[in-house]
Amino acid sequence: MEPEQQVSRFATLATKLGEFPDRDVIYQIWQCAKLGLETGGVDLARRMTSVIADALDDQALPPARRVPLLYALDAIVKNVGSAYQPLFAERLASAFRATFFAVHDKDKLRVHHVLTTWNDKKFFIELLDELNALVAPWHSDFVARTAATHPPGILKHHGSAPRQQPAVLRPITPPPGTATDRAVPPVAVPAPPGGGTDKFGGAPPSGAAGEHHPRQQQPWGGGGGGVVVRRVVCD
């Protein structure tokens with residue numbers, strides 16, 4: 001494929017990305033960037049870099065397109081190798097600034113996340129202080145605003161959405177007389193000789209010792225006279 005065709009295909013993919021960071025399209029973008037570097041060297045790679053940098057520098061670019069393009073830039077840097085870092089670094093500060101101030105809080109969080117990975121991996125190390133100083137004031141304010149609108153303990157990570165609390169499991173008492181395929185019929189536990197209560201805390205039979213009583217079905221947790229009925233549920 002000729003250099004012009006490669007640049008044209010790269011630009012087409014960047015436009016195709018649109019407002020959604022489609023993983024397949026981003027994969028094709030960084031693969032195209034890799035091929036350009038391998039076949040055309042730094043000169044062709046620089047032309048591909050300019051496609052994304054020009055778009056991000058354009059003040060007329062719709063805000064919704066900015067984060068997907070930033071993700072494409074990020075994928076190229078992380079997957080193709082160090083050759084693209086100095087090429088993007090030449091224009092990254094202005095492109096990053098234009099993107100950050102153009103998007104809403106939700107996309108600012110995504111930009112912040114990308115920057116965090118660059119800090120971790122030491123990418124664009126000569127620009128990190130500048131980029132961090134740009135994002136830090138907004139992030140501190142966002143964390144404060146979020147904390148003020150959510151109960152303490154809801155936010156685990158600064159700026160993240162509240163985590164859903166685990167459901168509280170409660171035993172379900174079946175209606176009297178309802179049979180289930182998991183329930184074992186109630187078992188009558190006779191009281192110990194001599195009255196008093198048995199080891200489960202049940203009351204003694206109301207009749208004479210040894211007298212048989214009909215089995216009764218009681219709701220869970222029920223006590224009272226007569227036989228003590230225990231319902232056993234198999235897990």
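All of these numbers come straight from a predicted model, not from anything done at the bench.
Taking CD1 of I76 as the reference point, atom CZ of F10 lies at 4.0 Å (rounded to 0.5 Å). Going from atom OG1 of T116 over to atom CG of D120 covers 7.0 Å, rounded to the nearest 0.5 Å. Between the CZ atom in F123 and the CG atom in L92 there is a gap of 12.5 Å [rounded to 0.5 Å]. The distance from the OG1 atom of T99 to the CZ atom of R110 is 14.0 Å, given to the nearest 0.5 Å. One finds the CD atom of E126 at 8.0 Å from the CD atom of Q85 (value rounded to the nearest 0.5 Å). To the nearest 0.5 Å, atoms CG (L17) and CD1 (I26) are separated by 5.0 Å.
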Full working for side chain to side chain contact (heavy atoms under 4.5 Å, CB included) between Q6 and L35: CA-CA 8 Å; Q6 292 190 54; L35 179 63; 3.7 Å; yes
Test log, rule side chain to side chain contact (heavy atoms under 4.5 Å, CB included), inputs L131 and W118: CA-CA 10 Å; L131 301 182; W118 293 349; 4.1 Å; yes
Worked verdict on L44 versus L37 for side chain to side chain contact (heavy atoms under 4.5 Å, CB included): CA-CA 6 Å; L44 185 52; L37 180 63; over 6 Å; no
Audit row: F88, I52, side chain to side chain contact (heavy atoms under 4.5 Å, CB included) steps and yes/no: CA-CA 9 Å; F88 277 118; I52 292 180; 4.2 Å; yes
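Put simply, M1 and V7 are part of two different groups of oily side chains (I, L, V, M, F, W, Y) that touch within less than 4.5 Å, one to the next. Linking ILVMFWY side-chain heavy atoms closer than 4.5 Å, directly or via other members, places I29 and F20 in two distinct hydrophobic clusters.
Across all non-hydrogen atoms, the minimal contact from P63 to A102 is CB-O, 3.5 Å. In plain terms, the two heavy atoms of V51 and A11 that are nearest each other are CG1-CA, 3.9 Å. The minimum heavy-atom distance linking L69 with A14 is given by the pair CD2-O, 4.0 Å. Taking each heavy atom of A95 and L56 in turn, the nearest pair found is CB-CB, 3.7 Å. Minimum interatomic distance between P86 and S82 (heavy atoms only, all atoms of both residues): CD-O, 3.0 Å. Looking at every heavy atom in both residues, A89 comes nearest to L127 through O-CD1, 3.7 Å.
The environment of NZ in K78 is crowded: more than 12 heavy-atom neighbours from other residues, nucleotides or ligands sit within 6.0 Å. Within 6.0 Å of OH in Y27 there are 12 or fewer heavy atoms belonging to other residues, nucleotides or ligands.
Note: F100 and W138 have perpendicular aromatic rings, judged against thresholds of 30 and 60 degrees for the angle between ring planes. Relative orientation of the F142 and H139 rings is parallel, given thresholds of 30° and 60° on the angle between their planes.
At a threshold of 4.0 Å, the pair R66-D107 does not count as salt-bridged, since none of the basic side-chain nitrogens sits closer than that to a carboxylate oxygen. At a threshold of 4.0 Å, the pair R145-D141 counts as salt-bridged, since one of the basic side-chain nitrogens sits closer than that to a carboxylate oxygen. Look at D54 and R91 and you find a salt bridge, because one of the NZ, NE, NH1 or NH2 atoms lies within 4.0 Å of a carboxylate O, short of that distance.
Of the possible polar contacts, none joining the S8 side chain to the E4 backbone as a donor-acceptor pair under 3.5 Å is found. Put simply, the side chain of Y84 gets close to the backbone of A33: a donor and an acceptor are under 3.5 Å apart. Under a 3.5 Å cut-off, the side chain of D74 and the backbone N or O of L70 do not form any donor-acceptor pair. With hydrogens and angles disregarded, a donor-acceptor distance shorter than 3.5 Å links the side chain of Q5 to the backbone of E2.
Contact check for C32 versus M48: side-chain heavy atoms found under the 4.5 Å cut-off.
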